Amino acid sequence: MYKPLFNQRKALRFRQFTRKGYALFACLGRVVTIGVLSVATLQSASAASDDFSSTAEASDDSHQKVDKEATLDDIEITGSRAPLALGQAARMVTVLSREDVQAAPVQSINDLLKMAVGVDVRQRGAIGAQTDVSIRGGTQEQIAILLNGINICDPQTGHNAFDLPCDLSDIVRIEVLEGPAARVYGTSSLVGAINIVTKDVRSQKAEVRVESGSYGYLSTAGRGQIGSHSLSASFTRSDGYSRAKSGALNADYNGGKAFYQGAYKSEQVCLNWHAGISTKGFGSNTFYSAKYDEQYERTTKLFSALQGDVNAGALHFRPAIYWNRSFDRFELIRGDESKVPFNHHRTDVFGINLNSYFDWAAGRTALGAEFRNEDIVSGNLGEPLNSPHGNYKYGLNRSNLSFHLEHNILLRRFTLSAGFVAIKNTWNEMPFTLYPGIDASYRISDHWKVYASYNSSLRMPSFTELYYSVGGHKADKYLKPEELRAVEGGVKYDSRAVTIKAAVFHHHQRNTIDWVMDTRDADPVWQSVNLTKVNTLGEEVTLNSQFSILNFQLAYCHLHQQKQEADYLQSQYSLEYLRHKLTAQLRMRLMEHLDLTLGYRWQDRMGQYTTTDGEVKSYHPYSILDARLAWSNDTYSIYMEGNNLTAHRYVDYGNVPQPGCWVTGGLKLIL
């Protein structure tokens, strides 16, 4: 994940410098490699490798003689409201870098996240058809999903949260903040946040990609750029890997994406904007009910956002405004509405936020506010509309207002970041409630760092949890918000070739929202309820080692949950968690231009599910081996990928078997 420079003789570290491109290095008289991350989101040193490689390539292309390369470790990151330098940051952030994205044998962002050890990816359909993603024993509803720092969570449901408009080739890195993140991202970030960062519009190159493989899989994509504008598009389809009892395909998939980015930059103002669309239809076989094996769903999502970064002397403003719209149509019996009506939903989310920070004698202070409005019209979610129209007879509108304040004390080896977010939601007349947090880190030496934190957060119920009372489900519209308090401590060792991180954390969660079934009932139904308490104790250890032609990563996470629930309750989400997860990845250069990536994952899930025959089964541990072989140069890449090479037919979500071995091949041209 870290890409070192092997002709480096000595690292030069600067404790203070200005943001001007010319101010720091005018007197050095040598080529300097520096990673600068300039987005107002979570950031990490791993992403700096992108700039290391591009700088080195530029030097080679221009035949410049490099006397000495120096690295600068004071890279600006934002694991808090105020951006801090990497050496001073108190919050740990996991980053899947550009190299990880390019080398991974995956077809979707969902698959890529499986290698993040603290992330639980419960796949229902392949190729990213539908995947429930959670962090540290939480559920898919309890994390914030962000695109370039913009919250794109869908208040209807978290099942389709990763319907992203951007292609894998558009992504420069994925950042994972584990633990409560309300102080940074407000509501919905109960147990963490995942931020997908796309490539800078000014650094993109035109490219075309074609892939094909098992189960009728075909994917095409392309991207182009004109000045400070870029546009990418992709289309993917597959026949699927399973059939219904009738013999019809029930895991087929087809979908397309388009993503536009633009930018404007002057000495004091930087503007970035994006607009995108994601649309797809997929066979949902037994996703929502084991009794029906020909379910189908079609979703369409529209995204738009405008972000700014204004430097007004000592005060920095970072405003943003965004609007997202989602359409969802679910068919319990595919193509047949005579027995069970289709579910139709449309959600609109509008948000505006202002982040600002300034430096003064006592440190760095950040303050700001955010307003977010969530609206849904539906065939079965919400209250009856005064004026029903089309398929929409019900609806609901709620608004969230929050204010945040944070202060950072920055000493040479010690950082203290403390603050709070005050949140008020119009649903159930929720009053302003404070959620505080504090992070501290101490740099023992240039290689060792210890840190500790306490943070709290909340999550409002989704519209589905409040109102979905059809098809064997009974919702409670008076659900309370979930709340969580967490403590964490850890240590990090970082050297030229090896990085080791270890952390211990404890989550105390109350009013946990889940769908549960009372197995004592003759005709049981799934009910949305507030479970009393859930306590989670966990440990994580990661090892990254980088050598000249080899990169090795090993990580392990263990969770233990204590819950106040009766034995006769069967949970659908929160009581089913990964107790053990082990990941390993090996990337090596076999010869010039030829690279091999091997990925291994072993998981052991707690919980049970009921089969169509009424039998209650426990989840069994399973292991997966993936591989990717690629021949690449500056103008093209030819590759073969294999997923689940051992062809293990496992179940990660009750009654939804996963595919066996899946092989694909592809060609990418860089124009």
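Just so it is clear, the model here is predicted, and its values are computed rather than measured. Heavy atoms only: backbone and side chains are in, while hydrogens, waters and symmetry mates are out.
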Original post:
Would you say the side chain of Asp375 lies within less than 4.5 Å of the side chain of Phe350, judging by non-hydrogen atoms?
Top reply: no

Original post:
So, does Ser356 use its side chain to make a donor-acceptor pair with the main chain of Leu367 at under 3.5 Å?
Top reply: yes

Original post:
If we only count heavy atoms from C-beta on, is the Leu401 to Phe432 side-chain gap below 4.5 Å?
Top reply: yes

Subject >> Taking every non-hydrogen atom, the tightest pair across Ile438 and Ala418 >> reply: CG1-CB, 3.9 Å

**OP:** To the nearest 0.5 angstrom, please state how far the CZ atom of Phe403 sits from the CZ atom of Phe420.
**Re:** 10.5 Å

**OP:** Apply side chain to side chain contact (heavy atoms under 4.5 Å, CB included) to Asp154 and list each qualifying residue two or more places apart in sequence or on a separate chain.
**Re:** Gln156, Lys301, Ser326, Thr347

**OP:** Check side chain to side chain contact (heavy atoms under 4.5 Å, CB included) between Ala486 and all other residues, then give those that pass, not counting sequence neighbours.
**Re:** Pro180, Leu484, His507

Subject >> Flag, side chain of Glu482 to backbone of Ile513, donor-acceptor distance under 3.5 Å >> reply: yes

**OP:** I would like to know whether Arg364 and Tyr357 meet side-chain contact (heavy atoms from CB on, under 4.5 Å); could you show each step before the answer?
**Re:** CA-CA 7 Å; Arg364 174 168 289 181; Tyr357 70 92; 3.8 Å; yes

Original post:
Considering the options Glu483, Arg485, Arg183, which one meets the side chain to side chain donor-acceptor pair (under 3.5 Å) requirement together with Tyr435?
Top reply: Glu483

Subject >> From CA spacing to verdict: side-chain contact (heavy atoms from CB on, under 4.5 Å), Val197, Asn148 >> reply: CA-CA 5 Å; Val197 182; Asn148 292 325; 3.9 Å; yes

Subject >> Ser399 (side chain) donor-acceptor with Thr426 (main chain) under 3.5 angstrom >> reply: no

**OP:** Look at the side chain of Asp439 and the backbone N and O of Arg91, then say whether any donor-acceptor pair between them is shorter than 3.5 Å.
**Re:** no

Subject >> Side chain Thr365, main chain Gly363, donor-acceptor under 3.5 Å >> reply: no

Original post:
Quick one: does Gln225's side chain have a donor or acceptor within less than 3.5 Å of a partner on Gly227's backbone?
Top reply: yes

Original post:
Within a strict 4.5 Å, meaning less than it, do heavy atoms of the Leu177 and Glu175 side chains meet?
Top reply: no

**OP:** Run the salt-bridge test on Glu374 and Arg372 with the 4.0 Å N-O cut-off and return the result as yes or no.
**Re:** yes

Original post:
Can you list the residues that meet the side chain to side chain contact (heavy atoms under 4.5 Å, CB included) rule with Gln102, with sequence neighbours excluded?
Top reply: Arg98

Subject >> Euclidean distance, Lys114 NZ relative to Asp120 CG, rounded to 0.5 Å >> reply: 11.0 Å

Original post:
Listed by chain and number, what are the side-chain hydrogen bond (donor to acceptor under 3.5 Å, both in side chains) partners of Trp273, not counting sequence neighbours?
Top reply: Tyr260

Original post:
Under 3.5 Å, is there a donor-acceptor pair linking the side chains of Gln268 and Asn311?
Top reply: no

Subject >> Considering all heavy atoms, the nearest Asn151-Tyr322 contact >> reply: O-CE1, 3.8 Å

Original post:
Under 3.5 Å, is there a donor-acceptor pair linking the side chains of Asn425 and Arg398?
Top reply: no

Original post:
Who passes side chain to side chain contact (heavy atoms under 4.5 Å, CB included) against Leu147, sequence neighbours left out?
Top reply: Ile152, Pro165, Cys166, Ile196, Thr198, Phe259, His274

Subject >> Heavy-atom check, side chain of Thr187 versus side chain of Val421, under 4.5 Å >> reply: no

Subject >> Residue of the set His508, Arg510, Gln509 for which side chain to side chain donor-acceptor pair (under 3.5 Å) holds with Asn535 >> reply: His508

Original post:
Side-chain contact, heavy-atom cut-off 4.5 Å: Lys449 with Asp494?
Top reply: no

**OP:** With rounding to the nearest 0.5 Å, note down the distance linking CZ in Arg459 to CD1 in Ile143.
**Re:** 11.0 Å

Original post:
When rounded to the nearest 0.5 angstrom, what is the spacing between CZ in Phe162 and CG in Asp132?
Top reply: 10.0 Å

**OP:** Using the salt bridge (charged side-chain N to carboxylate O under 4.0 Å, His left out) rule, pick out the option among Lys257, Lys205, Arg223 that qualifies with Asp170.
**Re:** Arg223

Subject >> Inter-residue atom distance Ile171.CD1 - Leu112.CG, 0.5 Å rounding >> reply: 7.5 Å

Subject >> Polar side-chain atom of Arg443 near backbone of Arg413 as donor-acceptor pair, under 3.5 Å >> reply: yes

Subject >> Check: Asp200 main-chain N/O paired with Gln261 side-chain donor or acceptor under 3.5 Å >> reply: no

Original post:
Side chains of Glu540 and Thr94: closer than 4.5 Å at any heavy-atom pair?
Top reply: no

**OP:** With sequence neighbours excluded, tell me which residues meet ring pair (Phe, Tyr, Trp, His ring centres under 6.0 Å) with Tyr493.
**Re:** His447, Trp448

Original post:
Minimum heavy-atom separation for Gly149 to Asn195, with atom names?
Top reply: N-OD1, 3.0 Å

**OP:** Supply the atom-to-atom distance Ser266 OG to Leu271 CG, rounded to the nearest 0.5 angstrom.
**Re:** 8.0 Å

Original post:
Going through the checks in order, is the side-chain contact (heavy atoms from CB on, under 4.5 Å) test met by His407 and Ile409?
Top reply: CA-CA 7 Å; His407 183 67; Ile409 299 175; 3.9 Å; yes

Original post:
Okay, side chain of Ser457, backbone of Ser189: is any donor-acceptor separation there less than 3.5 Å?
Top reply: yes

**OP:** Write down the atom of Leu354, the atom of Pro319, and the distance for their closest heavy-atom approach.
**Re:** CD1-CB, 3.9 Å

**OP:** Work out which heavy atom in Leu479 is nearest to a heavy atom in Trp427; give both atom names and the distance.
**Re:** O-NE1, 4.1 Å

Subject >> Expected output: side-chain Glu141 to main-chain Gly158 donor-acceptor under 3.5 Å >> reply: yes

Subject >> Pairwise side-chain contact, Val491 with Val450, heavy-atom cut-off 4.5 Å (strictly under) >> reply: yes

**OP:** Apply side-chain contact (heavy atoms from CB on, under 4.5 Å) to the pair Asn544 and Gln546, showing each step before the final yes or no.
**Re:** CA-CA 7 Å; Asn544 294 334; Gln546 172 77 63; over 6 Å; no

Original post:
With a 4.5 Å limit on heavy-atom distance, are the side chains of Met115 and Gln553 in contact?
Top reply: no

